[in-house]
Amino acid sequence: MPESLIDQLSKIVAEGKKEVERILERLSGTNKLTLQTNEYVLPSKDKSGLYRGQLKEISEQEWHNRLIYGDNLLVMQALLAGDPATGLPSMRGKVDLIYNDPPFDSKADYRTKITLPGTTIEQKPTVLEQFAYSDTWKDGTVSYLRMMYPRLALMRELLSEQGSIYVHLDWHVGHYVKVLMDDVFGKENFRNEIVWTYFGFKRATAKKFPQKHDVIYSYTKSASYIWNTQYKPHNEQYLKRFKPDETGRLCRTDVNPTGGGTRKIYLDDVEGDIVDSVWDDIPPVNPVAKERVDYTTQKPEKLFERIIKSSSNENSIIADFFSGSGSTGTVAEKNGRRWIMSDIGKPAIMITRQRLIDQEAKPFLYQSIGDYQKEAFTSSRLFRRIGDLSQVVLNLYGALPFPDEQNPNRNLGYIKNSRTLVMVDSPSKLTGYATLKKAQELRESFLGGWNKVVVLGWNFVFDIATVIKNFNDDKLEVLVIPPDLLDKLKTKSSYESLLKSGKIRFSSLQYLSIKKPVLKNYSSDIDEITIELDNYILLSPDALPLDDANKEKLQDIIAHDPLALIEYWSVDPDYDGETFRSKWQDYRSNVGNDADPFRVVKEVSILSPKVKGKRRICVKAVDVFGFESVVVEEVG
C-alpha cells in the first residue's frame, strides 16, 4: 500500500533540511553562484520616435533594485553569498518583507500567446521553464512540497529579524505548505491566515460550493517585527451621518460616553475600519483595468499595497521570488520601498521590465545566474549524467562519439569521413567565450587536430553574437540544441524514433543588424546619435517549442516582416565593453510613439555627452520568444 502524503511529510522535511545544509555550506566555498548583469536599465522609454531629453545617469555605488531571471533556488543562493564584483553584499538578514505567489496547480496551462501583426502564435515554455514545472509536479503534491521546503528555508535566511513573509496559495496545497512553514519559521511566529475573497461569476458545481477565495499565510522571523495597522475607507452609510459644521468640516453629534451630554466627532479625526483577516474589499484585476498586463496569474495592486504598507517601512527591502507580472516591485517602487524580484519565466521577465519602464521606475539591474543554469536534464529519468545526455545529442546531430578513454567528459564526437570535431556544451552552463575558446584549442590539438569544430549549446550568454563575431573564425560554428529536445526524450524508444526520423534540427543563432549609426554635433558638449534597425534573423522555427501550425505562421513573419519579432530594444550610446547601460528603450506595447501595439519603432535619435575618441554604441534587442541579441558599432 503506497504511503499517504501525511506519512511522507516527515521525509520531505528531513530531505529539505539536508539540502539546505548543503546549500549553506557551499556559500562559504570558492565556487559561489554569482549574478550576471545583463542590463543596467535607466528607464527612459521612447515617446515620440526622437528622444530629446538629457539621458539619466546613476552612481553604481548606490543600492540597485534587481530583476533576476532564473530558478529562485539559485537566485537566493547568489543573494545570500553576495558578490563584491557586482556591488552586491550578502543579503542575509537584510530583507524586511517577502511575498510569494508560487504556482497553485499542476494542471495549469503554461503556454504563452504571442500576438504578431495579423496572427497569434502559441509557444510552450522554454527548456528551463518546462523542467522547472515538471520537477515541481513530477510526483504530484509530494514533488511540490519538496520544491517549496528548501526555498522557504532560504527565504528565512534572507529575512531580517523584523521581517515578515506572506505566501499566497489556494485550496490545492495551502494546508500542506502551512505545515512546512510551521517547521521553517516556527509555529509561534504564525501571524495570520488571510482570506482573500473575490467576487465574480460563479459557475454552478455538481456537488460542492464554488471556490471563490485564496489564502495568504503570514509568518514573521521573530516576535519583534514591523507592523503598521491598516484601515479600510469609511462605507457610504457611515459617511451619510456626517454633515459640515460652520467651518465646513464634516462632523456628527454623538453621546459623550464619559462626561454625559453630547460631543462633536469630526470625520477627519476618525480612522476607517481596521482591516481584519478577511479581505473582501479588493476585487481581481478588471479586464479593462489600466494595471492589467494580460498575465494569467496577475493579482491586483491594492492587494500588494496592503501587504507592503502593513509589514514594511519606507526604504525597506522587499523580495518576491515567484514574481510573475512584477506587481510586487511595481507597487514597492510606488511606495518608496526597495525591491528584488525573480522569476524563471521569460514572459514574466519581459512584462515586468516593460511595466517598470512604463512607470518610469528608478534605475534597476536586470540580471541572471552567471555561468550556471538549472540542470534541466535532472528531471529526466533517462539521463543520470551530463555525459549520457551529450552522447545522445552527438548521435542526433549525426556525429560519432569518441571512446570514453579518449573522451572522459563524453561530450566530443566527429563527423564520419570528415575532419569536423563536434563538442556538446553542458545544459547547466551558458555557452560563451570560455566554451568557444576551449573548442578552438581542441580543434588545434585533440588527436592531431581538425579542420573545423562545431559547438552545440543549450543556453547562451546574452552577447553571444558579439562573442562569435569577435572570434572571426570561419572554422568555428555554433549551433542551438532544440529547446524541446529533452521533452521529446522521455523514453529510450522515443530517442530511437527521433534517431531514425532525422527530424531533429540544430539551428544557427539569432542575430540583430543595424544600419551604421549617424553622429551629429548637437551642441558643444552633446552629440545626437541616430540609430536604425536593419534586420533580425531568428533561429529556425524548428528549434522553437512550436507545433507545425504555429511554425508556419512564424515562417511567414520571418519572410515578410522580421523586425515585427522584436519585443524590446534598448541603446547604450557609450558602451564600456563590460556593463550594458540601457539609457533608451522601446517595446511593442508602447503606443505613445507610433500607436502600433505590435511593432517597435525602427529608428531613434538620442542625445549623449560627447566622448573622447571613437564612440562605442551598443544596441540590444529581445524578441517575442525572449531571445536576446546584441550589436556593437563604433562611430566618430
Side-chain angles (χ1 to χ4, degrees), residues 126-127 371 373 375-377 383 385-486 488-489 495 498-511 537-545 627-630:
T126 64
V127 168
D371 294 330
Q373 288 288 355
E375 296 186 4
F377 75 96
F383 307 108
R385 296 178 296 174
I386 292 177
D388 297 337
L389 178 59
S390 297
Q391 297 269 301
V392 167
V393 172
L394 286 167
N395 286 325
L396 289 172
Y397 181 68
L400 299 173
F402 288 102
D404 289 357
E405 59 269 20
Q406 296 175 324
N407 179 26
N409 292 329
R410 308 185 74 214
N411 67 332
L412 295 177
Y414 65 97
I415 303 297
K416 191 175 181 181
N417 299 324
S418 80
R419 297 296 298 168
T420 299
L421 181 68
V422 182
M423 174 182 176
V424 181
D425 206 6
S426 167
S428 63
K429 290 184 178 179
L430 297 174
T431 301
Y433 175 84
T435 302
L436 302 192
K437 187 66 177 176
K438 177 67 174 177
Q440 277 187 327
E441 293 170 355
L442 288 169
R443 183 188 65 197
E444 301 304 317
S445 61
F446 184 68
L447 298 180
W450 302 79
N451 294 335
K452 179 181 179 180
V453 62
V454 178
V455 176
L456 307 178
W458 297 89
N459 311 295
F460 298 86
V461 295
F462 85 101
D463 58 346
I464 185 64
T466 300
V467 171
I468 294 170
K469 181 181 177 182
N470 290 340
F471 269 101
N472 192 25
D473 186 346
D474 60 3
K475 296 178 182 178
L476 169 66
E477 186 177 6
V478 182
L479 297 177
V480 181
I481 298 168
D484 60 350
L485 180 58
L486 278 164
K488 294 177 179 178
L489 291 172
Y495 161 58
L498 288 173
L499 196 59
K500 289 178 182 177
S501 71
K503 290 183 179 180
I504 296 297
R505 294 280 300 276
F506 294 78
S507 306
S508 58
L509 286 154
Q510 71 285 347
Y511 67 90
I537 306 298
L538 179 67
L539 53 79
S540 167
D542 289 331
L544 293 168
F627 295 111
E628 300 179 354
S629 299
V630 172

May I have the step-by-step check of side-chain contact (heavy atoms from CB on, under 4.5 Å) for I415 and Y397, ending in yes or no?
CA-CA 9 Å; I415 303 297; Y397 181 68; 3.9 Å; yes
Does the side-chain contact (heavy atoms from CB on, under 4.5 Å) test come out yes or no for T431 and V455, once each step is laid out?
CA-CA 9 Å; T431 301; V455 176; 4.3 Å; yes
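Of the candidates V393, N395, V422, P401 forms a side chain to side chain contact (heavy atoms under 4.5 Å, CB included) with just one, namely N395. With respect to I464, the side chain to side chain contact (heavy atoms under 4.5 Å, CB included) criterion is satisfied by exactly one of V480, T435, L509: L509.
The aromatic rings of Y414 and F402 lie tilted to each other, with the angle between the two planes from 30° to 60°.
Here L421 contributes atom CG and E444 contributes atom CD; the two are 10.5 Å apart, rounded to the nearest 0.5 Å. Between L400 atom CG and L394 atom CG the span is 9.0 Å, to the nearest 0.5 Å. Atom CG of L436 is separated from atom CZ of F471 by 5.0 Å, given to the nearest 0.5 angstrom. Remark: Q391 CD to L412 CG distance equals 9.5 Å, nearest 0.5 Å. For the atom pair OG of S507 and CG of L538, the computed distance is 9.0 Å after rounding to the nearest 0.5 Å. Rounded to the nearest 0.5 Å, atoms CE (M423) and CG (N409) are 8.5 Å apart.
Across all their heavy atoms, N451 and K475 have their closest contact at O-CD, 3.3 Å. Across V467 and G432, no two heavy atoms sit closer than the pair CG1-C, 4.4 Å. The two atoms that bring F460 and L479 nearest to each other are CZ-O, 3.8 Å, heavy atoms only. Residues G413 and A399 approach most closely at C-CB, 4.5 Å, considering heavy atoms.
For N407 (side chain) and R410 (main-chain N/O), a donor-acceptor pair under 3.5 Å exists by modelled atom type.
Both tests hold for R419 against W450: distance to the six-membered ring centre under 6.0 Å, angle to the ring axis within 45°.
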